[in-house]
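The structure under discussion appears below in the form of structure tokens.
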Amino acid sequence: MGDFFNSLNQLGISSFLLEGLFWIGLVVLAVYLIGQWLSSFAYSDYHETPLEILQKEFARGNITEAEYLIRKKYLQ
């Protein structure tokens, strides 16, 4: 491995620069993976069906019984 860094030093690229790029890349990868992992919890746990949404609207009194029955008919 020392020969690799010696040849890079001859080209003007120091091992310090390569090590810094490695750690920056590692941190960016870790942040990205943690972000993906956390975002998977946001919407994957529960999705309401259209019928459940309709039932909640009716229960809140936002729609009449006639509207509820008509919309329920279209959903089924």
Side-chain angles (χ1 to χ4, degrees):
M1 194 65 149
D3 292 334
F4 175 72
F5 287 118
N6 286 335
S7 64
L8 290 176
N9 282 334
Q10 291 173 356
L11 294 173
I13 301 174
S14 71
S15 61
F16 177 75
L17 176 64
L18 287 175
E19 187 178 343
L21 289 175
F22 169 77
W23 286 110
I24 289 171
L26 191 63
V27 167
V28 168
L29 179 65
V31 168
Y32 172 77
L33 291 175
I34 290 170
Q36 290 295 314
W37 180 66
L38 290 175
S39 68
S40 70
F41 292 111
Y43 301 105
S44 65
D45 291 341
Y46 181 72
H47 296 288
E48 288 183 319
T49 66
L51 186 57
E52 290 173 332
I53 295 170
L54 180 63
Q55 289 170 342
K56 284 183 179 181
E57 288 297 311
F58 180 61
R60 289 183 189 127
N62 294 338
I63 58 174
T64 64
E65 183 178 359
E67 289 174 314
Y68 170 77
L69 293 174
I70 291 170
R71 292 179 185 179
K72 183 179 176 185
K73 178 182 162 188
Y74 286 114
L75 289 175
Q76 293 178 338

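If you're wondering where the values come from, they're calculated on a predicted model, not measured in any experiment.
- Looking only at side-chain heavy atoms (C-beta outward), Leu75 and Thr49 stay at 4.5 Å or farther from each other.
- Taking CD of Glu48 as the start and CD1 of Ile53 as the end, the distance is 5.0 Å to the nearest 0.5 Å.
- Contact between Leu54 and Lys72 at its shortest, heavy atoms only, is CD2-N, 3.5 Å.
- Rounded to the nearest 0.5 angstrom, Thr64 OG1 and Ile70 CD1 are separated by 7.5 Å.
- One finds the CZ atom of Arg71 at 11.5 Å from the CZ atom of Phe58 (value rounded to the nearest 0.5 Å).
- Note that CG of Leu29 is 13.5 Å distant from CD1 of Ile24, once rounded to the nearest 0.5 Å.
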